[in-house]
Amino acid sequence: MRTECGECHFCKDMKKFGGPGRMKQSCLLRQCTAPVLPHTAVCFACGEAGKEDTVESEEEKFSLSLMECTICNEIIHPSCLKMGKSEGIINDEIPNCWECPKCHKEGKTSKDQGDGLGKRRMDNGEVSRWKLTDDPPPSKKKSLSLDDTTRQDGAKRKKEKDLPQESASKKKASRAEQSTAVFSFFSFLISWT
DNA sequence: ACGAACGTCAGT
DNA sequence: ACTGACGTTCGT
Ligand SMILES: [Zn+2]
Ligand SMILES: [Zn+2]
Ligand SMILES: [Zn+2]
């Protein structure tokens, strides 16, 4: 809720402070201390969303909420984990965040990430990233189709000033735009080597 | 491994 | 539609 400092790296990028506005990050003084899961998050086991608001007992709210593990990054309803005894370690600083019982069963104590990627904020004050997209736990590799449909969100590269070539769905680049794209492509080839 | 870039989400 | 900003990808 703090006001933007106007002087940090990200503020200086903002158009409102005269920057190009490409980074699109919040002011360093305004970083969220309690990030929540996206609304699109679903349970790794049952594929459904969180249902904490369908019940009023605090105990049931927990078992029907979605919890994300800081170690394996799986998001799951605690109630969808049918494990005998083991309890997870709940991080009360960050909503819907824990170290799941599965991970704590094996040696996976805190600082070994199953896949390296996907970090969040550790208990100290240092920032990290976290990921919520699944990754098949220990075996398969996720096909990673290079082509299309399974596009994660996120970003590809653009360039520096914007290459306006788009496929057939939306704008249908004008021929002038196409030729600039071709020109840019040749410029790129020339600058190679 | 780090940081810039950017698509996309979420709120208005 | 517009805005802020998150999470992923890519260049280095
Ligand atoms: Zn700032
Ligand atoms: Zn579930
Ligand atoms: Zn886990």
Side-chain angles (χ1 to χ4, degrees), chain A residues 1-44 47-53 65-76 91 93-98 111-122 124-136 141-173 177 180-181 184-185 187-193:
Chain A
M1 320 263 312
R2 282 203 263 181
T3 62
E4 284 160 333
C5 70
E7 297 186 341
C8 72
H9 194 50
F10 296 135
C11 276
K12 284 191 276 195
D13 166 73
M14 299 178 193
K15 282 173 181 162
K16 85 174 76 162
F17 294 114
R22 284 191 295 241
M23 302 204 224
K24 300 191 278 199
Q25 304 303 304
S26 63
C27 173
L28 291 177
L29 299 182
R30 302 188 76 246
Q31 291 188 147
C32 186
T33 56
V36 300
L37 293 172
H39 285 148
T40 56
V42 290
C43 174
F44 184 76
E48 295 180 50
K51 298 174 166 55
E52 50 257 60
D53 44 353
S65 69
L66 289 174
M67 297 298 290
E68 181 192 37
C69 177
T70 54
I71 298 169
C72 69
N73 300 305
E74 283 182 25
I75 298 173
I76 197 165
N91 184 338
E93 316 244 353
I94 299 172
N96 304 78
C97 184
W98 70 350
K111 198 58 184 185
D112 40 15
Q113 221 82 3
D115 66 341
L117 292 158
K119 284 172 275 188
R120 215 170 179 181
R121 250 196 338 163
M122 295 319 250
N124 60 64
E126 299 311 312
V127 266
S128 306
R129 291 284 131 73
W130 55 294
K131 91 171 195 180
L132 33 78
T133 49
D134 64 303
D135 71 320
K141 191 85 195 323
K142 188 160 193 185
S143 46
L144 184 66
S145 57
L146 188 70
D147 53 297
D148 54 25
T149 50
T150 14
R151 273 248 57 76
Q152 291 282 83
D153 60 6
K156 299 185 206 304
R157 204 78 326 196
K158 210 194 283 184
K159 200 130 178 225
E160 177 200 304
K161 213 57 181 180
D162 195 5
L163 285 185
Q165 134 231 24
E166 184 69 37
S167 59
S169 57
K170 271 224 157 165
K171 280 287 200 228
K172 174 187 154 184
E177 283 168 336
T180 23
S184 300
F185 176 65
S187 303
F188 167 76
L189 285 182
I190 290 164
S191 68
W192 201 234
T193 74

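The sequence lines fix the lettering, A, B, ..., with proteins before strands; numbering per chain opens at 1. Scope of the values below: all heavy atoms of this structure, side chains included, with no hydrogens, waters or symmetry mates.
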For A/Lys12, salt bridge (charged side-chain N to carboxylate O under 4.0 Å, His left out) partners two or more places apart: none
Check the distance between B/dA5's P and A/Phe10's CZ and give it to me in whole angstrom. 11 Å
Does the side chain of A/His9 get closer than 4.0 angstrom to OP1 or OP2 of B/dG3 through an N or O atom? no
Main chain of A/Val36, side chain of A/Asn96: is a donor-acceptor contact present, judged purely on distance under 3.5 Å? no
If I take atom CZ in residue A/Arg22 and atom P in nucleotide C/dA5, what distance separates them, rounded to the nearest angstrom? 19 Å
Under 4.0 Å, heavy atoms only, any strand: does A/Lys16 hit a base, just the sugar-phosphate, or nothing? sugar-phosphate
Would you say C/dC6 has OP1 or OP2 under 4.0 Å from some side-chain N or O of A/Ser26? yes
Is it the case that the side chain of A/Arg30 and the backbone of A/Arg2 share a donor-acceptor pair, with hydrogens and angles ignored and the cut-off at 3.5 Å? yes
For A/Glu7, salt bridge (charged side-chain N to carboxylate O under 4.0 Å, His left out) partners two or more places apart: none
Set out, line by line, the N/O atom pairs under 3.5 Å between protein and nucleotides 1-3 of chain C.
none

If I take atom CG in residue A/Leu37 and atom C1' in nucleotide B/dA10, what distance separates them, rounded to the nearest angstrom? 14 Å
Is a donor-acceptor contact shorter than 3.5 angstrom present between the side chain of A/Gln25 and the base of C/dG7? yes
Can you check the A/Lys24 NZ to B/dG11 C1' distance for me, whole Å? 17 Å
Go through the structure and list residues passing salt bridge (charged side-chain N to carboxylate O under 4.0 Å, His left out) with A/Lys16, not counting sequence neighbours. A/Glu4
Rounded to whole Å, the CG-P distance (A/Asp13 to B/dG3) equals 15 Å
Pairing residues for A/Lys24 by the side chain to side chain donor-acceptor pair (under 3.5 Å) criterion, not counting sequence neighbours: none
